[in-house]
Amino acid sequence: MSTIPAADRSFGSSVQAAVVQPSGLDILPSRATSIAEAGKPGGPMNCGKTSVAGSVSQRACVFCGSRVVLYPIADALHVVHGPIGCAAYTWDIRGSQSSGPQLFRNSFSTDMQELDIVYGGEKKLERALLQLIAKHQPKAAFVYGTCIVGLIGDDVGAVCKRVAAATGIPVLSVASEGFKGTKKDGYKAACEAVFHLIGTGDTSAISPYSVNLMGDFNIAGESWVIREYLERMGIEVVATITGDGRIDAIRRCHGAKLNLVQCSGSMTHLAKKMQSEYGVPFKRVSFFGIEDMSAALYDVAKFFGSEELMEKARSVVREEVGKIYPQLRAWRDDLKGKKAAIYVGGAFKAFSLVRALRTLGMRTALVGTQTGDAEDYNTLREMCDPGTIIVDDSNPIELAKFCLEQDVDLFIGGVKERPIAYKLGIGFCDHNHERKECLAGFVGMANFGREVHASVMSPVWNFVPRRASRKAVGLDLASEPQSAVANPKSAMGRAVA
Ligand code: SF4
């Protein structure tokens with residue numbers, strides 16, 4: 001990534017006022033309007049656009065957005081139509097669990113080669129689908145388009161139709177060519193594909209108190225935890241569409257009375273479609289942190305207008321909070337005043353994490369998302385403490401810059417943020433799809449607190465160059481890394497280069 005010398009920068013005045021840049025790392029001028037600071041005036045953040053060329057965005061591609069949403073449908077076949085590299089992105093990197101079929105853990109690819117690109121890959125795709133369906137007997141198949149397929153113009157939809165007619169199962173094309181937008185467009189393509197299944201199953205015998213879970217990916221069994229809370233209240237969960245998903249449950253999920261949409265970015269499009277086509281209303285919820293988990297259960301009880309359900313929700317919250325609160329208080333004593341950086345996919349998770357960190361006594365010093373919209377960033381500006389840096393669609397240099405300037409003790413992110421944190425000598429907490437630990441629900445808050453406490457309080461951070469040199473020469477921590485980073489030959493400079 002090229003950086004622009006500070007003297008050559010010409011940011012708009014309102015943005016200039018909102019961005020704090022006292023370090024040796026610079027941001028690209030065209031990125032300035034996508035960065036703000038809580039407590040400082042400034043116009044709406046520039047967001048929801050394709051990434052700036054050359055910025056080396058942390059954001060994933062359209063295809064990744066689609067596969068994130070659909071791969072947890074466990075009894076379906078998932079075929080990536082494209083070069084093997086795209087499929088490598090999917091292979092068993094997720095912590096999504098299934099209570100039954102494990103077919104989704106496989107990543108099938110048509111492995112397109114030069115000849116396929118010259119002569120077209122439709123025949124190869126058709127052969128692959130027929131062979132795989134005969135061998136694995138899936139309930140449905142999803143075929144993901146990738147960049148090269150979009151470029152050469154394979155008619156994936158026509159192939160899917162032929163294979164569906166030949167095999168008798170739904171074969172759905174996911175229009176997820178990587179280059180055609182943002183990760184959010186991938187979510188939308190996934191919603192469009194799965195919508196074809198909805199409305200094709202029998203809805204008789206569905207309880208008047210029933211919901212679907214959308215946008216929870218059953219990472220480390222999280223959907224099961226939420227399902228259990230809801231069932232204790234007497235709520236039937238018809239389909240957990242995006243976590244431990246089943247084709248038959250999705251076919252009948254239009255019979256549920258309410259859609260609970262977590263991870264607002266990924267499933268809101270489907271929820272809106274179900275509302276207009278089937279009259280199923282939806283609520284945006286989050287299952288992370290005590291406050292948001294409790295609010296989600298109360299919102300469900302309120303929706304059904306039943307005092308009995310509300311009392312059951314209170315009882316679940318009382319019981320579960322009682323189990324974890326003493327331990328959270330103990331961790332809070334140690335963590336008080338520590339600072340965290342958050343970089344996640346969706347804004348709803350960011351909101352929950354800001355609150356959950358407060359529960360642990362910590363302050364959010366940097367928060368960013370891949371797919372937030374203007375309203376989301378306004379909410380973050382309001383809810384974060386003054387001085388918190390807020391970024392949309394960030395990149396490694398920016399994240400390193402703000403982590404150093406804010407001197408954070410912890411970085412919460414995903415697989416792409418982990419190396420940034422470790423190279424800077426900062427504790428890391430994985431809150432993305434690759435993790436293997438349940439962080440949702442009340443039990444998840446306890447796991448989160450344990451992990452944050454263990455990471456932040458580890459004595460190992462005293463030995464990283466940044467902290468060690470501060471101790472040795474009595475430097476102010478906020479200024480020491482800047483000179484180190486400005487010098488590309490220094491250890492820190494090499495780490496963020
Ligand atoms: S779809 Fe395109 S951007 Fe996405 S992994 Fe494949 S080649 Fe890369």
Side-chain angles (χ1 to χ4, degrees), residues 66-79 96 98-101 103-104 108 125-126 129-130 132-134 136-145 155-176 186-218 223 227 235-261 266-282:
S66 293
R67 63 103 199 177
V68 158
V69 171
L70 296 178
Y71 256 66
I73 301 176
D75 53 356
L77 179 75
H78 300 273
V79 179
S96 185
S98 166
S99 55
L103 182 58
F104 75 121
F108 299 106
L125 173 63
E126 190 162 343
L129 282 168
L130 290 171
L132 288 167
I133 291 168
H136 295 286
Q137 302 289 311
K139 293 268 187 176
F142 292 96
V143 181
Y144 301 82
D155 191 346
V156 177
V159 175
C160 288
K161 266 190 198 153
R162 285 201 296 274
V163 176
T167 58
I169 65 164
V171 180
L172 301 158
S173 164
V174 187
S176 55
Y187 293 153
K188 199 168 169 190
C191 291
E192 291 291 338
V194 85
F195 190 69
H196 289 292
L197 293 169
I198 294 171
T200 59
D202 178 14
T203 58
S204 56
I206 290 180
S207 162
Y209 297 139
S210 52
V211 299
N212 297 313
L213 294 186
M214 289 182 170
D216 184 275
F217 303 103
N218 202 32
S223 302
R227 180 191 277 267
I235 306 282
E236 178 186 347
V237 178
V238 180
T240 51
I241 296 177
T242 53
D244 198 15
R246 295 290 184 280
I247 295 296
D248 288 345
I250 293 169
R251 283 176 178 276
R252 67 195 289 268
C253 74
H254 57 295
K257 300 297 176 282
L258 176 68
N259 281 325
L260 293 181
V261 185
S266 68
M267 282 279 109
T268 306
H269 183 69
L270 183 65
K272 284 182 177 167
K273 278 187 84 108
M274 284 183 71
Q275 186 165 39
S276 65
E277 291 279 325
Y278 298 106
V280 184
F282 68 91

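The structure places OG1 of T167 at 9.5 Å from CD of Q137, a figure rounded to the nearest 0.5 Å. The CD1 atom of I235 sits 8.5 Å away from atom CG of L258, with the distance rounded to the nearest 0.5 Å. How far CD1 of I198 is from CZ of R251: 11.5 Å, rounded to the nearest 0.5 Å. Note: N218 CG to L213 CG = 9.5 Å, rounded to the nearest 0.5 Å. Taken to the nearest 0.5 Å, the CD atom of Q275 stands 11.0 Å off from the OG1 atom of T268. Expressed to the nearest 0.5 Å, how far CZ of R227 lies from OG of S99 amounts to 8.0 Å.
Across S207 and E236, no two heavy atoms sit closer than the pair N-OE1, 2.8 Å. The shortest heavy-atom contact between F217 and S266 is CZ-OG, 3.8 Å. G255 approaches I206 most closely through the heavy-atom pair O-CG2, 3.5 Å. What you find for L70 and A190 is that their closest heavy atoms are CG-CB, 3.6 Å. C253 and N212 make their closest contact through O-ND2, 2.8 Å (heavy atoms, listed as atom of the first residue, atom of the second, distance). Closest non-hydrogen pair, T200 versus H254, comes out as N-CE1, 4.1 Å.
With hydrogens and angles ignored, the 3.5 Å screen pairs a side-chain donor or acceptor of T242 with a backbone N or O of D216. Side-chain N or O atoms of S210 include none that pairs as donor or acceptor with a backbone N or O of A256 at under 3.5 Å. Remark: the backbone N or O of I247 is paired with a side-chain donor or acceptor of D75 at under 3.5 angstrom. Under a 3.5 Å cut-off, the side chain of S96 and the backbone N or O of G243 do not form any donor-acceptor pair. Without hydrogens or angle criteria, S98 side chain to D244 main chain gives no donor-acceptor distance under 3.5 Å.
Applying the salt bridge (Lys or Arg N to Asp or Glu O under 4.0 Å) test to every pair with at least one member in residues 186-206, sequence neighbours left out, gives these pairs: E192-K273.
Of the listed residues (I241, V69, L260), just one forms a side chain to side chain contact (heavy atoms under 4.5 Å, CB included) with M214, and that residue is I241.
Aromatic rings from F142 and F104 are positioned such that their centres are separated by 6.0 Å or more.
In this pair, Y71 and H78 present their aromatic rings parallel. The plane angle is below 30°, not in the 30 to 60° band.
Legend: residues meeting side chain to side chain donor-acceptor pair (under 3.5 Å) with K161, ordered by chain and number and at least two apart, are absent. Scanning for side chain to side chain contact (heavy atoms under 4.5 Å, CB included) contacts around V280 gives N259, M274, Y278, with sequence neighbours left out.
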Discussion item. Walk me through whether L125 and V79 qualify under side-chain contact (heavy atoms from CB on, under 4.5 Å).
Written reply: CA-CA 9 Å; L125 173 63; V79 179; 4.3 Å; yes
Worksheet item: Please walk me through it: do V159 and V143 pass side-chain contact (heavy atoms from CB on, under 4.5 Å)?
Response: CA-CA 10 Å; V159 175; V143 181; over 6 Å; no
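Looking at heavy atoms from C-beta onward, L172 lies out of side-chain contact with C160 at the 4.5 angstrom threshold.
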